[in-house]
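For the numbers below, each heavy atom of this structure counts, side chains included, while hydrogens, waters and symmetry mates do not. Note that the coordinates shown come from a computational prediction; the quantities given were computed from them, not determined experimentally. Along the sequence shown, the residues carry numbers beginning at 1.
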Amino acid sequence: MRELLELLEHDARRPVGEIAAVLKKSEYEVEKDIRGLEQDKIILSYNTLINWQKFGDDTVTAIIEVNLTPEREVGFDAIAERIYRFEEVRTVYLMSGSFDLLVIIEGKSLQDVANFVATRLSTIDGVTQTRSHFMLKAYKKDGTIIDDKEKDRRLVVSP
C-alpha cells in the first residue's frame with residue numbers, strides 16, 4: 001500500500017494501468033485499493049499545484065504563529081477547529097516550541113490578511129498572541145520547484 005500511496009502522492013493523474021504495471025497488480029486490484037484508501041480517509045483529496053503568480057493572480061500568503069490558552073478537557077482542538085473553519089485559512093498545525101499553532105492563510109491583499117488577523121483570529125477566546133510572517137516568493141512547494149530555471153551548467157568548449 002505504501003508504494004501505491006507514494007506513486008499517487010507524486011502524480012495522482014498517473015493512469016491506473018501504469019500504476020498496476022509498476023506494482024505488478026491488475027488494474028482492478030489497484031482501483032479497489034484506491035477506493036479502500038479513499039473510504040478509510042487515508043487518501044483525503046486530490047490537489048493540483050498551480051503557479052498562481054504566473055497565472056497573474058496576486059494573492060498574499062501569510063504564516064501566523066498563534067499562542068493559545070488550551071481549553072479544559074479539549075486542549076487545543078476546539079480552538080484549532082474554530083480557526084480551520086475560516087475560508088481564508090489554508091493550513092493549521094499544532095506545533096511544539098515557542099508557539100502552539102501554525103496557521104497559513106491567503107488573502108487578496110496585505111490589508112485583507114491584516115484585517116483577518118486583527119478582527120477574526122486574534123479575537124477568538126483562548127488566542128493570547130499572534131505573530132505574522134508574509135511570504136514574499138515561493139521557490140518550492142510540496143516537493144515541486146515552482147519556477148525551475150535550471151539550465152545546462154556545463155562549460156562551453158570551443159575549438
Asks: Which distance, rounded to the nearest 0.5 Å, do you find between the CG of Leu94 and the CZ of Phe99?
Replies: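 Going from CG on Leu94 over to CZ on Phe99, the span is 10.5 Å.
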Asks: Which pair of heavy atoms, one from Arg131 and one from His133, lies closest together, and at what distance?
Replies: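 The pair with the smallest heavy-atom distance is O-CD2, 3.9 Å.
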Asks: Looking only at heavy atoms, which two atoms of Val113 and Glu106 are closest? And how far apart?
Replies: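 Closest approach of Val113 to Glu106: CG2-C, 4.5 Å.
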Asks: Just wondering, more than 12 heavy atoms not from Glu38 lying within 6.0 Å of its CD?
Replies: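 Counting other residues, nucleotides and ligands, CD of Glu38 exceeds 12 neighbours.
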Asks: Go through the steps to decide whether Val89 and Phe116 satisfy the test side-chain contact (heavy atoms from CB on, under 4.5 Å), and finish with yes or no.
Replies: CA-CA 10 Å; Val89 173; Phe116 173 80; 3.8 Å; yes
Asks: Which heavy atom in Ser132 sits nearest to a heavy atom in Val117, and how many Å separate them?
Replies: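 Of all heavy-atom pairs spanning Ser132 and Val117, the closest is OG-CG2, 4.0 Å.
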Asks: Measure across Asp100 and Leu68 and return the closest heavy-atom pair with its distance rounded to 0.1 Å.
Replies: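 Closest heavy-atom pair between Asp100 and Leu68: OD2-N, 2.7 Å.
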Asks: Counting only N and O atoms by type, is there a donor-acceptor contact under 3.5 Å from the side chain of Glu29 to the main-chain atoms of Ser26?
Replies: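 Yes.
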Asks: Determine, step by step, whether Arg14 and Leu8 satisfy the side-chain contact (heavy atoms from CB on, under 4.5 Å) criterion, reporting the C-alpha distance in whole Å, the side-chain angles of both residues, the deciding distance to 0.1 Å, and the verdict.
Replies: CA-CA 7 Å; Arg14 192 173 194 171; Leu8 290 171; over 6 Å; no
Asks: Where is the tightest heavy-atom contact between Ala80 and Val92, given as atom of each residue plus distance?
Replies: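 In this case the closest contact between Ala80 and Val92 is CB-CG1, 4.5 Å.
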Asks: Taking 4.0 angstrom as the limit, do Asp58 and Lys108 come out as a salt bridge?
Replies: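 A salt bridge is absent here (no side-chain N lies under 4.0 Å from a carboxylate O).
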Asks: Are Ile83 and Leu101 close enough that some pair of their side-chain heavy atoms sits under 4.5 Å apart?
Replies: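 With C-beta onward as the side chain, the pair touches.
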Asks: If I compare all heavy atoms of Glu27 with all of Ala20, which pair ends up nearest, and what's the gap?
Replies: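 Looking at all heavy atoms of both residues, the closest pair is N-CB, 3.8 Å.
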Asks: Between Lys25 and Asp33, does the salt bridge (charged side-chain N to carboxylate O under 4.0 Å, His left out) criterion hold? Intermediate values first, please.
Replies: CA-CA 11 Å; Lys25 289 184 167 187; Asp33 289 345; 2.7 Å; yes
Asks: Measuring from Leu121:CG to Ile79:CD1, what's the distance to the nearest 0.5 Å?
Replies: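 The CD1 atom of Ile79 is 10.5 Å from CG of Leu121, to the nearest 0.5 Å.
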Asks: Just verifying a value: how many Å separate Thr130 OG1 and Ile64 CD1, rounded to the nearest 0.5 Å?
Replies: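 One gets 6.5 Å once the value is rounded to the nearest 0.5 Å.
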Asks: Side chains of Val127 and Thr69, heavy atoms from C-beta outward: is any pair under 4.5 Å?
Replies: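 Val127 vs Thr69: side chains apart.
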Asks: Is Val22 close to Glu3 at the side-chain level, that is, under 4.5 Å between some pair of heavy atoms?
Replies: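 Heavy-atom side-chain distance check passes, below 4.5 Å.
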Asks: Would you check if Phe134 and Thr61 make a side-chain contact, meaning some heavy-atom pair closer than 4.5 Å?
Replies: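 Of all side-chain heavy-atom pairs linking Thr61 with Phe134, none is under 4.5 Å.
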Asks: Calculate, to the nearest 0.5 Å, the distance between atoms CG and CG belonging to Leu23 and Leu7 respectively.
Replies: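 The distance works out to 5.5 Å.
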Asks: Rounded to the nearest 0.5 Å, how far does CD of Glu31 lie from CZ of Arg35?
Replies: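 That separation rounds to 6.5 Å.
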Asks: Report yes or no: do Asp57 and Gln53 form a side-chain donor-acceptor pair below 3.5 Å?
Replies: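 Gln53 and Asp57 do not have a side-chain donor-acceptor pair below 3.5 Å.
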Asks: For the CG atom of Leu37 and the NZ atom of Lys32, what is their distance to the nearest 0.5 Å?
Replies: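 Rounded to the nearest 0.5 Å, the CG-NZ separation comes out at 11.5 Å.
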Asks: Can you tell me if Asp11 uses its side chain to pair, donor with acceptor, with the backbone of Arg13 under 3.5 Å?
Replies: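 Between the backbone of Arg13 and the side chain of Asp11 there is a qualifying donor-acceptor contact (under 3.5 Å).
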Asks: Do Ile42 and Leu5 have side chains that approach each other closer than 4.5 Å (heavy atoms only, starting at C-beta)?
Replies: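 Yes. Closest side-chain heavy atoms under 4.5 Å.
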Asks: Around Tyr93, counting heavy atoms of other residues, nucleotides and ligands shown, do more than 12 lie under 6.0 Å from its OH?
Replies: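 Result for OH/Tyr93: open.
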Asks: Do Ser122 and Ile124 have side chains that get closer than 4.5 Å, going by heavy atoms?
Replies: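 Not in contact.
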Asks: Taking everything shown except Glu87 itself, do over 12 heavy atoms lie less than 6.0 Å from its CD?
Replies: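 For Glu87, atom CD is not crowded (no more than 12 foreign heavy atoms under 6.0 Å).
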Asks: With a 6.0 Å cut-off (strictly less than), is the heavy-atom count around CZ of Arg82, excluding the residue itself, greater than 12?
Replies: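 For Arg82, atom CZ is not crowded (no more than 12 foreign heavy atoms under 6.0 Å).
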Asks: Heavy-atom distance under 4.5 Å between the side chains of Met135 and Ile63, does that happen here?
Replies: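 Side chain of Met135 against side chain of Ile63, heavy atoms only: contact under 4.5 Å found.
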Asks: Decide yes or no for Val66 and Gln129: does some side-chain heavy atom of the first lie under 4.5 Å from some side-chain heavy atom of the second?
Replies: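 Sidechains of Gln129 and Val66: no contact.
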